Each structure stands twice: as structure tokens, then as C-alpha cells.
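Residue numbers count from 1 along this sequence. None of these values were measured; they are calculated from a predicted model.
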Amino acid sequence: MRFASSVAAVLTLALAVPAQAGTLAGVTMPDSSEVAGQQLALNGMAVRSKLFIKGYVGGLYLPAKETAGAKILAADSPRQMRMHWLYGANKGQICEGWDEGLALNTPNASAELRQQFVTLCSWMSDVKKGEQFVFTYVPGTGTTVEVKGETKGTLAGKAFADALFACWIGAKPSAGGDFKEGVLGG
């Protein structure tokens, strides 16, 4: 009887601990994220490195696993990118990354879209190791931006979401080809 109750206790404990999707560079991200009442699955994780410095671990969440960035951008469905910083960065460096990603992937951006990236940049702040950014797109609502646990606002439209996510999974990702491959599950 004692054995059965011990097994039951272990099983109960195992079921109470959430499943972990993966760990990369010491960062563990959950296997799913709830967005607007829908469960999104962790599609993949990658490390963003620049000049041999590991900047952050990114995790891309989607309604279903997908390996093609173009398909993700074409779909009007919820998506989320989480950035867990491994190294400090200042606001200027972060904004340079957004500007580079927009120029590489949306070279003929409208004035409205460019202004949305200016607003995005205004919401950024210096980051330290361990801090996080979360970008969540919900169709009909827009992209909500969280910086270090604080919701900064929501930028309307699929065009903005596509331009932002293209920085990671577009034809010329500013985060790099290895990063794109990782978050696409490669």
C-alpha cells in the first residue's frame, strides 16, 4: 500500500509541474502561451548573437508548428515572440536593430508604418541580463508590446505585426539566418 501511495504522489507531482519545451543558453521557455484565449505552441528557440556576444534568446509561439517564415507572415493568426536578454543592451542599440530589420524586410514602408516603428522605439529602454520583452499579435487588435513586464501599448494592424516579425523570420532577418532557422524549428 505504501508503494502505491508513493507512486501516486510522484505522479501527482509530475503532473503538477508544467512541461518545459526547451532550454537554450540557460533560458527555459514554456511549451505554450495563451493568447486571446488560444494556446500557442513554442515553435522554436534561438540565440541572437552579434559580434560574438549572445544578446538574447528568442522564442516564437504560433497556433501550430510552422517552418516557413513566409507562411507565418501571410497568415492572419495570433503569434508571439519572447526575448530573454542574456546581455545588457541600451535603448539606442535596440532601436538600431528595429530600424535595420524594417529597412531589410520592408524597404518601401509607408509613412504610417515607419511612424509605428518610431513609437515602438520610444517604448524601448535599456535592458539588463535576465529581463524580457514580449511582442504579441492578435488579429483585429494589433501587436501588444511588453518591456520588462510592463505593457507599453498596442500598435494596430497586421502590416506592423508582419514588419516586426519579419525582423526575426523575414527574407533578410536582422537577427540573422541562424536565428530565423532556430525559431522556425530548424
Side-chain angles (χ1 to χ4, degrees), residues 21 29-46 48 55-85 89 91-127 131-175 179-180 182-185:
M29 292 193 179
D31 64 348
S32 66
S33 179
E34 186 174 328
V35 172
Q38 182 176 357
Q39 286 294 321
L40 303 184
L42 180 61
N43 197 68
M45 295 171 66
R48 166 63 163 124
Y56 62 84
V57 171
L60 177 63
Y61 290 81
L62 302 171
K65 296 280 186 170
E66 180 55 65
T67 59
K71 284 185 180 179
I72 295 166
L73 296 174
D76 193 14
S77 58
R79 55 184 103 130
Q80 183 178 78
M81 176 63 77
R82 294 181 182 202
M83 297 167 64
H84 182 100
W85 291 89
K91 178 179 178 171
Q93 293 168 315
I94 296 166
C95 291
E96 284 176 22
W98 299 135
D99 292 342
E100 179 184 6
L102 182 64
L104 287 171
N105 292 282
T106 315
N108 297 316
S110 68
E112 178 184 1
L113 185 55
R114 286 192 308 273
Q115 184 55 49
Q116 287 179 305
F117 268 73
V118 169
T119 300
L120 173 65
C121 187
S122 75
W123 292 343
M124 297 295 104
S125 66
D126 296 352
V127 291
E131 295 179 326
Q132 296 183 42
F133 291 173
V134 180
F135 305 90
T136 306
Y137 171 67
V138 175
T141 300
T143 304
T144 300
V145 177
E146 294 177 46
V147 175
K148 301 188 289 191
E150 179 184 343
T151 300
K152 295 295 188 170
T154 301
L155 294 160
K158 184 175 182 302
F160 173 78
D162 290 348
L164 177 64
F165 280 77
C167 293
W168 299 295
I169 62 170
K172 299 176 182 175
S174 57
F179 185 90
K180 176 181 176 178
V183 297
L184 292 178

**Under 3.5 Å: donor-acceptor pair, side chain of Lys152, backbone of Leu120** = no
**Request:** State the CZ-OG1 distance between Arg114 and Thr119, to the nearest 0.5 angstrom.
**Result:** 13.0 Å
**Message:** Surrounding CD of Gln39 (heavy atoms of other residues, nucleotides or ligands, distance under 6.0 Å), is the total greater than 12?
**Reply:** yes
**Prompt:** Which distance, rounded to the nearest 0.5 Å, do you find between the CD of Glu150 and the OG of Ser125?
**Reply:** 8.5 Å
**Prompt:** How would you list, by chain and number, every residue that makes a side chain to side chain donor-acceptor pair (under 3.5 Å) with Lys91, sequence neighbours excluded?
**Reply:** none
**Message:** Treating Asn105 as the side-chain partner and Ala163 as the backbone partner, does any N or O pair qualify as donor plus acceptor under 3.5 Å?
**Reply:** no
**Message:** Can you tell me how far apart SG (Cys167) and CE (Met81) are? Round to the nearest 0.5 Å.
**Reply:** 10.0 Å
**Prompt:** For the residue pair Gly170 and Leu73, what are the closest heavy atoms and their distance?
**Reply:** CA-CD1, 4.2 Å
**Request:** Check for a donor-acceptor pair, side chain of Arg82 on one end and backbone N or O of Met29 on the other, with a separation under 3.5 Å.
**Result:** no
Which donor-acceptor pairs under 3.5 Å do the side chains of residues 134-141 make with protein atoms, sequence neighbours left out?
{"from": "Thr136", "atom 1": "OG1", "to": "Gln80", "atom 2": "NE2", "distance (Å)": "2.8"}
{"from": "Tyr137", "atom 1": "OH", "to": "Asp76", "atom 2": "OD1", "distance (Å)": "2.4"}

**Item:** Any Val145 side-chain heavy atom under 4.5 Å of Met124 side chain
**Value:** yes
**Request:** Give, for atom CG of Leu40 and atom CG of Asp31, the distance between the pair rounded to the nearest 0.5 Å.
**Result:** 11.5 Å
**Asked** Would you say Asn43 and Leu184 make side-chain contact, with heavy atoms under 4.5 Å?
**Response** yes
**Asked** For Lys158, what residues pass the side chain to side chain donor-acceptor pair (under 3.5 Å) criterion, not counting sequence neighbours?
**Response** Asp162
**Asked** Rounded to the nearest 0.5 Å, how far apart are CZ of Phe133 and CD of Glu146?
**Response** 11.5 Å
Below 3.5 Å, can you tabulate the donor-acceptor pairs from side chains in residues 56-67 to any protein atom, sequence neighbours excluded?
{"from": "Tyr56", "atom 1": "OH", "to": "Trp168", "atom 2": "NE1", "distance (Å)": "3.1"}
{"from": "Tyr61", "atom 1": "OH", "to": "Pro30", "atom 2": "O", "distance (Å)": "2.8"}
{"from": "Lys65", "atom 1": "NZ", "to": "Leu42", "atom 2": "O", "distance (Å)": "2.4"}
{"from": "Glu66", "atom 1": "OE2", "to": "Ala68", "atom 2": "N", "distance (Å)": "3.0"}

**Complete:** Taken to the nearest 0.5 Å, the spacing of Thr106 OG1 from Leu113 CG works out to 6.0 Å
Enumerate donor-acceptor pairs with a distance under 3.5 Å from any side-chain N or O in residues 93-103 to protein atoms, sequence neighbours excluded.
{"from": "Gln93", "atom 1": "OE1", "to": "Asn90", "atom 2": "N", "distance (Å)": "2.8"}

**Request:** Write down the atom of Gly182, the atom of Ala46, and the distance for their closest heavy-atom approach.
**Result:** CA-CB, 3.9 Å
**Pairwise ring-ring contact (aromatic ring centres under 6.0 Å, His included) hits with a residue in residues 99-119, at least two apart** = Phe117-Phe160
